[in-house]
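Naming convention: chains lettered A, B, ... in sequence-line order (proteins, then strands); numbering from 1 in each chain. All values below come from the heavy atoms of this structure, side chains included, with hydrogens, waters and symmetry mates left out. The shown structure was predicted, so the numbers you read here are calculated from the model rather than taken from an experiment.
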2 protein chains.
Amino acid sequence: MNNKKKMPTSTISRLFIYFRELDKLEKLSIRTISSSELGERVNLSGTQVRKDLGYFGQFGVSGSGYDVSELKEVLKKILGKDKVWNVAIVGVGHLGSALLAYSGFDRHGLNIVAAFDADPKKIGKNFANITIRSIEDIKQEVKKKKISLSIITVPGNRAQEVADVLVGSGVESILNFAPISLNVPDNVKVKEVDLSRELETLSYFLADKNGNNKK
Amino acid sequence: MNNKKKMPTSTISRLFIYFRELDKLEKLSIRTISSSELGERVNLSGTQVRKDLGYFGQFGVSGSGYDVSELKEVLKKILGKDKVWNVAIVGVGHLGSALLAYSGFDRHGLNIVAAFDADPKKIGKNFANITIRSIEDIKQEVKKKKISLSIITVPGNRAQEVADVLVGSGVESILNFAPISLNVPDNVKVKEVDLSRELETLSYFLADKNGNNKK
DNA sequence: AAATGTGAATTATTTCACAGCC
DNA sequence: GGCTGTGAAATAATTCACATTT
């Protein structure tokens with residue numbers, strides 16, 4: 001059992017896109033959709049849609065396509081959206097506060113239950129119903145509140161130590177906004193999001209278009 | 001001339017990583033570095049480093065490696081970091097404000113010069129020295145302030161129309177935080193950053209580890 | 001001896017194309 | 001006829017391995 005074939009990491013990311021679109025379709029009372037229609041709505045090909053789903057099973061009906069609600073439920077299960085995960089944010093600066101204030105996470109089964117910062121001036125303050133605590137309290141709180149997912153929004157030079165503490169406390173995945181690549185054990189999943197780099201990448205294309213460099 | 005070979009899109013992203021690390025090395029007064037040492041510092045292989053640089057020219061010295069300052073300057077030029085680009089933010093909600101307040105952009109040659117929002121209550125308010133203006137003013141301001149890059153932080157259902165206005169105003173690249181895939185002409189470069197999806201992706205790995213699904 | 005630069009091999013991902021099913 | 005599911009082909013990205021240079 002568990003004969004899962006190797007699948008591209010990007011497949012998961014796309015399944016979330018399909019899920020969202022199916023949710024919209026359901027609200028529009030559309031009952032059935034073909035892979036190519038679904039793909040078209042999210043700027044992907046029908047083949048891509050079918051291939052992605054194929055890693056998990058066979059959910060379609062030849063000739064007519066997929067049942068919207070049924071496929072949505074299947075994806076919900078696959079993606080872990082039928083469970084709730086407790087999340088901590090470490091680093092309550094501009095970005096950290098924005099994420100704390102962002103209300104959309106619970107909709108996705110992500111429940112922000114703790115926030116930490118190194119700045120004594122911030123500790124004890126309340127923010128979106130959450131009391132900011134000291135970095136020192138991470139271990140204790142992670143255990144107490146059963147936190148399995150953490151967001152790092154501290155400066156780059158503090159990120160690795162924070163990651164070490166989180167991993168030592170039992171956190172299983174990390175979303176890292178600090179502009180460095182974290183070293184963690186294999187059993188911990190990290191996603192890096194580097195906002196400056198995203199913008200910088202765009203500036204490269206501008207530079208390129210307006211005629212820089214090139215071998 | 002211009003015999004550039006096709007390069008992975010991820011190469012550019014990595015060049016920014018090398019650039020940053022070279023900057024650190026320079027501050028540590030390290031003069032020379034080999035591809036493998038540089039790679040090790042950023043969790044990449046020496047081969048990867050050499051391959052990436054190879055798309056732009058030959059900058060190393062056999063037997064000794066790369067001159068830190070020289071390579072840094074080369075990358076600066078390649079990446080357009082020797083120029084300044086004017087940036088606009090459309091959508092001054094939590095995330096938009098955090099980005100507005102983030103001071104790191106200028107360090108990267110990105111100069112935020114305008115902010116727009118649809119909410120009349122916000123229009124006219126000041127934020128990090130920038131007056132928030134109406135979405136209606138986009139075209140005029142983009143021209144007047146020579147804005148070539150824009151960040152979209154509006155809700156998903158407004159993002160496409162905002163993108164249309166931006167493109168119509170002459171913006172050349174867009175960083176899109178709205179959770180939809182934008183349709184724009186080929187000459188406009190878009191990068192999508194979907195924060196919820198990044199977190200959701202992590203929740204999939206949790207679900208997976210804790211034993212969901214699988215074909 | 002040490003490290004680059006780069007074709008060739010490998011691995012990963014996407015797209016094609018079509019047999020089979022409704 | 002329309003559409004799925006999936007091997008096979010094509011394309012993209014990474015890694016290997018080594019001849020070459022200093």
Side-chain angles (χ1 to χ4, degrees), chain A residues 3-18 21-22 25 30-68 70-72 74-75 78 181 192 201 213-215, chain B residues 3-18 21-22 25 30-68 70-72 74-75 78 181 192 201 213-215:
Chain A
N3 63 337
K4 118 177 99 168
K5 300 195 203 92
K6 200 138 114 292
M7 111 191 93
T9 47
S10 47
T11 287
I12 295 304
S13 183
R14 283 190 299 264
L15 291 182
F16 282 103
I17 298 178
Y18 307 148
E21 199 59 33
L22 289 165
L25 290 167
I30 292 168
R31 314 292 295 276
T32 303
I33 194 159
S34 70
S35 58
S36 17
E37 284 173 307
L38 177 55
E40 189 164 12
R41 285 175 154 267
V42 296
N43 283 341
L44 293 165
S45 71
T47 303
Q48 182 84 79
V49 172
R50 296 199 300 281
K51 202 45 144 197
D52 286 335
L53 296 175
Y55 292 111
F56 294 89
Q58 307 181 182
F59 312 113
V61 179
S62 301
S64 72
Y66 302 84
D67 181 284
V68 170
E70 198 183 297
L71 185 55
K72 188 188 149 191
V74 166
L75 291 181
I78 292 173
S181 163
E192 321 262 355
T201 308
N213 49 251
K214 227 41 47 45
K215 188 171 183 176
Chain B
N3 63 336
K4 119 179 97 168
K5 299 196 204 93
K6 197 136 117 295
M7 113 191 89
T9 48
S10 47
T11 286
I12 294 304
S13 184
R14 284 191 299 265
L15 291 182
F16 282 102
I17 298 178
Y18 307 149
E21 198 58 34
L22 289 165
L25 290 166
I30 292 167
R31 314 291 296 276
T32 303
I33 194 159
S34 70
S35 58
S36 17
E37 284 172 307
L38 178 56
E40 190 164 11
R41 286 176 153 267
V42 295
N43 284 341
L44 293 164
S45 71
T47 303
Q48 182 83 80
V49 172
R50 296 200 299 281
K51 206 32 147 206
D52 286 335
L53 296 174
Y55 292 111
F56 295 91
Q58 306 182 182
F59 311 114
V61 180
S62 300
S64 73
Y66 301 85
D67 181 283
V68 170
E70 199 182 296
L71 185 55
K72 187 187 149 191
V74 166
L75 291 181
I78 292 173
S181 162
E192 322 263 354
T201 308
N213 49 250
K214 227 45 42 49
K215 189 169 182 176

Handout entry: Any A/Gln58 side-chain N or O less than 4.0 Å from OP1/OP2 of C/dC21
Key = no
Exercise for the section: Report the end-to-end axis angle of the helix from C/dA1-D/dT22 to C/dC22-D/dG1; each axis comes from five terminal pairs, and the value is rounded to 10°. Expected result: 0°
Handout entry: Donor-acceptor pair (no angle test) under 3.5 Å: B/Ser62 side chain, D/dT22 base
Key = no
Practice task
Look at all strands and tell whether B/Thr47 reaches a base, only sugar-phosphate, or nothing, counting heavy atoms closer than 4.0 Å.
Solution key: base
Practice task
Spell out, as yes or no, whether a donor-acceptor pair under 3.5 Å connects the side chain of B/Glu37 to the backbone of B/Ser34.
Solution key: yes
Problem - Any A/Arg14 side-chain N or O less than 4.0 Å from OP1/OP2 of C/dT14 - result: yes
Fill in the blank from the handout: Against the side chain of B/Ser35, the closest entry in C/dT4, D/dT6, D/dT22 is C/dT4
Handout entry: Phosphate contact (D/dA13 OP1 or OP2) by B/Gln48 side-chain N/O below 4.0 Å
Key = no
Exercise for the section: Establish, with yes or no, whether the OP1 or OP2 oxygen of C/dA12 is under 4.0 angstrom from a side-chain nitrogen or oxygen of A/Lys6. Expected result: yes
Fill in the blank from the handout: Per atom distances to the A/Tyr55 side chain, the nearest of D/dT4, C/dT14, C/dT4 is C/dT14
Handout entry: Nearest-nucleotide 5' precedence on DNA chain C, A/Ser10 against B/Phe59
Key = B/Phe59
Practice task
Establish, with yes or no, whether the OP1 or OP2 oxygen of C/dG5 is under 4.0 angstrom from a side-chain nitrogen or oxygen of B/Tyr66.
Solution key: yes
Practice task
Decide whether B/Asp67 and B/Thr32 meet the rule of one side-chain donor and one side-chain acceptor closer than 3.5 Å.
Solution key: no
Fill in the blank from the handout: Between A/Gly63 and B/Gly60, whichever has its closest DNA chain C nucleotide further toward 5' is B/Gly60
